[in-house]
Amino acid sequence: MSVDKNTPSIKSISITATNEKADKPALLKNFKWLSLFGIAFSLTNSWLGVSSSLVVGLSSGGPVLIVYGLIVAVFFAFMCGYSLSEFASVLPSSSGSSFWVLKLMEDADENETEGSQDQIYSDDKDQVLKLYNENTVQSVSSVSQARVSLTVGLINYFGSIFTTSSICSSLGYSVLGAYSLYHVDYEPKNWHVFVIYEVFNIIMCVMNSWGKILPFISQAGLYCSLLTYCLTFIITLACRSSQSQPWPAAESIFKDFNNTTGWSSSGISFIVGLVNPLWAFAGIDSATHMVDEVGHVAALSLVPKAIMATIFVGFITSFSYAIAMFFCITDSDRVVGSILPIIEIYYQATENRALAVFLQSCCILTGTLCGVASGTWQSRILWSIGRDYSVIIEKFSDKEEPSLVQRLFNLFAFIHPCLRVPIWSMLISHFFVAAIGCVIIGSTTAFNAIISACICLLLLSYAIPTLILLIKGKRRFYQKVSNQLDLPFTRRLRCSILSYIPNLLTICWTIFSFIFFSFPYELPVSSSNMNYVSAAYGGVALVVCSVVIWAF
């Protein structure tokens with residue numbers, strides 16, 4: 001390749017750019033394999049997530065819904081995880097799906113020929129990938145490209161906000177459930193849940209305020225989750241085995257499906273109920289947003305491993321845990337009617353209130369660390385949006401002074417020089433979580449609709465870049481990236497026919513979920529059991545469209 005001697009090399013440009021940004025605070029690159037896997041697994045916490053939906057299996061068809069629902073859920077989680085891992089192993093970026101859409105929507109003839117002057121050379125491989133991401137952001141050529149990318153990023157962000165809200169509400173009910181075990185006459189009020197919800201939201205915000213300790217908290221979340229899983233699993237089964245009451249029949253857990261939802265079709269009843277086991281695999285993209293704290297080169301292999309390992313370990317723990325807890329039930333009516341079904345199962349298995357509360361306290365600690373991981377995830381998404389779009393908005397702005405929206409995105413991108421965290425992105429995100437919590441006081445039905453929307457919103461943020469990839473041509477796109485980087489460590493994926501299957505299933509599963517998970521959970525429909533998730537989608541669409549139009 002011939003290069004004009006008068007033109008500064010990419011290597012010299014990269015060094016200059018690095019020096020210019022030397023005084024700008026950056027995120028600490030202190031996440032290794034265990035801490036990355038810790039934050040990914042702590043967030044999903046599959047066994048803990050499924051423990052809160054066990055009662056649905058009892059009231060909406062039996063344990064069969066949860067047991068076989070988890071198998072369906074993990075299959076499609078692997079399909080989505082493969083699609084995410086594929087992107088992350090080629091284009092690691094903390095912006096995740098938002099960045100991938102930007103790159104996919106580049107002009108067809110832009111940067112495609114080998115020997116292009118846009119090839120990047122440097123001795124620092126991590127710096128090469130970092131600059132490659134920055135160049136992609138700076139070279140956005142159309143408003144439509146920026147709008148679609150920002151839309152995907154905001155959808156992903158709202159999915160993370162709703163996920164954190166669901167964790168806070170689960171913790172609120174966990175505390176009240178433990179209290180009610182000793183106070184049988186206690187009747188929970190909405191404001192009780194709201195107060196505890198906001199307390200945990202504040203705790204998560206505070207624990208996310210120091211960048212140096214986040215890897216330690218992430219690893220603690222991993223160890224705490226696995227230890228609590230083992231404790232509750234072993235203790236409940238051991239105590240249950242000492243009781244004179246016989247074990248439930250295996251048929252009642254693996255075979256009998258009792259449709260009590262009002263739907264005439266058991267198949268539709270099963271499909272509508274699938275939304276509950278899907279909670280076990282919400283937020284599998286969290287590792288993709290930690291690239292700047294892992295390192296771009298390390299992320300090429302660690303992020304895909306973290307995604308797939310989280311799904312695998314999550315299924316093993318959640319599947320075995322669900323079956324064990326169903327076998328521990330001695331009175332299903334009391335479980336269904338309790339404030340917190342899982343603590344009632346602990347109590348029925350152990351016949352000891354103190355021990356049941358202890359086990360639930362371990363779950364509350366695990367849930368708190370899960371919430372911290374979710375808080376990290378949501379703040380990194382907003383920070384990466386602010387970082388990228390403060391540059392893009394400036395490029396398309398015709399004003400000499402920064403516009404209000406550009407200043408806002410600059411605020412999102414700000415990293416505190418001492419704490420080394422995106423402080424404003426973190427505070428704003430937890431403010432949104434706090435605001436959503438206020439809905440609990442007015443209507444728990446409306447609140448449940450809002451947090452249920454997180455599943456399909458996250459799926460949509462995975463499906464859009466996957467769909468664009470297939471439209472643009474998968475093999476052609478990855479070859480283009482390899483030509484631009486021209487590095488020996490660049491991952492050159494073999495785009496076999498089989499590799500298209502997970503991509504297609506990710507898209508089909510997203511469409512399927514949006515349709516069927518909007519159906520009412522029970523018939524006949526009333527104001528109290530109506531599924532209002534479609535209204536939540538409409539609200540998110542209105543906000544996202546407003547922000548995108550305002551930005552461009």
Would you check if the side chain of [X] reaches a backbone N or O of [Y] as a donor-acceptor pair within less than 3.5 Å?
{"X": "Lys472", "Y": "Met105", "answer": "no"}
{"X": "Asn410", "Y": "Ser390", "answer": "no"}
{"X": "Thr368", "Y": "Ile364", "answer": "yes"}
{"X": "Lys474", "Y": "Ser499", "answer": "yes"}
{"X": "Ser98", "Y": "Val152", "answer": "no"}
{"X": "Ser139", "Y": "Asn135", "answer": "yes"}

Counting only heavy atoms from other residues, nucleotides and ligands, does the tally under 6.0 Å from [atom1] of [X] exceed 12?
{"X": "Trp424", "atom1": "CH2", "value": "no"}
{"X": "Phe431", "atom1": "CZ", "value": "no"}
{"X": "Tyr500", "atom1": "OH", "value": "yes"}
{"X": "Lys212", "atom1": "NZ", "value": "no"}

Do [X] and [Y] have side chains that approach each other closer than 4.5 Å (heavy atoms only, starting at C-beta)?
{"X": "Arg380", "Y": "Ser94", "value": "no"}
{"X": "Cys168", "Y": "Val433", "value": "yes"}
{"X": "Ile436", "Y": "Tyr197", "value": "yes"}
{"X": "Phe281", "Y": "Leu458", "value": "no"}
{"X": "Leu214", "Y": "Phe31", "value": "yes"}
{"X": "Val421", "Y": "Asn208", "value": "no"}
{"X": "Pro215", "Y": "Lys32", "value": "no"}
{"X": "Met426", "Y": "Cys205", "value": "yes"}

If you round to the nearest 0.5 Å, how far is [atom2] of [Y] from [atom1] of [X]?
{"X": "Gln406", "Y": "Glu394", "atom1": "CD", "atom2": "CD", "answer": "5.0 Å"}
{"X": "Leu84", "Y": "Ile307", "atom1": "CG", "atom2": "CD1", "answer": "5.0 Å"}
{"X": "Ser425", "Y": "His416", "atom1": "OG", "atom2": "NE2", "answer": "13.5 Å"}
{"X": "Ser165", "Y": "Asn201", "atom1": "OG", "atom2": "CG", "answer": "7.5 Å"}
{"X": "Thr366", "Y": "Tyr223", "atom1": "OG1", "atom2": "OH", "answer": "14.5 Å"}
{"X": "Leu369", "Y": "Leu48", "atom1": "CG", "atom2": "CG", "answer": "10.5 Å"}

Do you know the tightest heavy-atom contact between [X] and [Y]?
{"X": "Ser218", "Y": "Ser35", "result": "CB-O, 3.3 Å"}
{"X": "Tyr389", "Y": "Ala146", "result": "CE2-O, 3.7 Å"}
{"X": "Ile440", "Y": "Phe194", "result": "CG2-N, 4.5 Å"}
{"X": "Ser42", "Y": "Leu222", "result": "OG-N, 3.3 Å"}
{"X": "Ala551", "Y": "Leu150", "result": "CB-CD2, 4.0 Å"}
{"X": "Gln378", "Y": "Ser160", "result": "CB-OG, 3.4 Å"}

Handout entry: Pairs satisfying ring pair (Phe, Tyr, Trp, His ring centres under 6.0 Å), at least one member in residues 530-552, at least two apart
Key = Phe514-Tyr537
Exercise for the section: Pick out which of Asp126, Thr288, Leu129, Val303 makes a side chain to side chain contact (heavy atoms under 4.5 Å, CB included) with Pro92. Expected result: Leu129
Exercise for the section: Test Cys224 against Leu365 for side chain to side chain contact (heavy atoms under 4.5 Å, CB included), laying out the working first. Expected result: CA-CA 8 Å; Cys224 184; Leu365 176 59; 3.9 Å; yes
Practice task
Start with the C-alpha distance between Arg420 and Asn30, add both sets of side-chain angles, then the distance that settles side chain to side chain contact (heavy atoms under 4.5 Å, CB included), and finish with yes or no.
Solution key: CA-CA 11 Å; Arg420 304 298 286 274; Asn30 57 351; over 6 Å; no
Exercise for the section: Start with the C-alpha gap between Ile511 and Ile507, add the side-chain angles, then the distance that decides, and say whether side chain to side chain contact (heavy atoms under 4.5 Å, CB included) holds. Expected result: CA-CA 6 Å; Ile511 297 171; Ile507 298 167; 4.2 Å; yes
Practice task
Step by step, work out the ring pair (Phe, Tyr, Trp, His ring centres under 6.0 Å) result for Phe512 and Trp509.
Solution key: CA-CA 5 Å; Phe512 178 91; Trp509 179 241; 5.3 Å; yes
Indicate whether the side chain of [X] and that of [Y] have a donor and an acceptor atom separated by less than 3.5 Å.
{"X": "Lys103", "Y": "Ser93", "value": "no"}
{"X": "Thr466", "Y": "Asn503", "value": "no"}
{"X": "Ser83", "Y": "Thr506", "value": "yes"}
{"X": "Ser374", "Y": "Thr164", "value": "yes"}
{"X": "Ser429", "Y": "Tyr157", "value": "yes"}

Handout entry: Chi angles and distances behind the side chain to side chain contact (heavy atoms under 4.5 Å, CB included) call for Arg387, Asn133
Key = CA-CA 11 Å; Arg387 178 195 62 184; Asn133 289 359; 5.8 Å; no
